[in-house]
Amino acid sequence: MAFPIRLPLHEKDGIMRDEYDDRLRHDGREQINDGIDRLLAKIMQAFRVLHAIHWSSPWAASERRCRN
């Protein structure tokens, strides 16, 4: 049994259709931006770990001496 979804589409409901669409768009955009921020933070963390591994490796000491 399917129930009809009643969206607030009329002025009598206290909200106009364009306001409702704007709120949906804004909420969706906020969620997408938060997801992108979390993804970038995880990628940066991975690069930090790789950087730490590289500079803590035994062969890195000889590379650092050659560069200076």
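These figures come from a predicted structure and were not determined experimentally.
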Nearest-0.5 Å distance that lies between atom CD in Q45 and atom NZ in K42: 11.0 Å
Restricting to salt bridge (charged side-chain N to carboxylate O under 4.0 Å, His left out), what partner residues turn up for R38, sequence neighbours left out? none
Pairs under 3.5 angstrom only: tabulate donor-acceptor contacts from the side chains of residues 25-37 to other protein residues two or more places apart or in another chain.
from: R25; atom 1: NH2; to: D22; atom 2: OD1; distance (Å): 3.0
from: N33; atom 1: ND2; to: R29; atom 2: O; distance (Å): 3.4

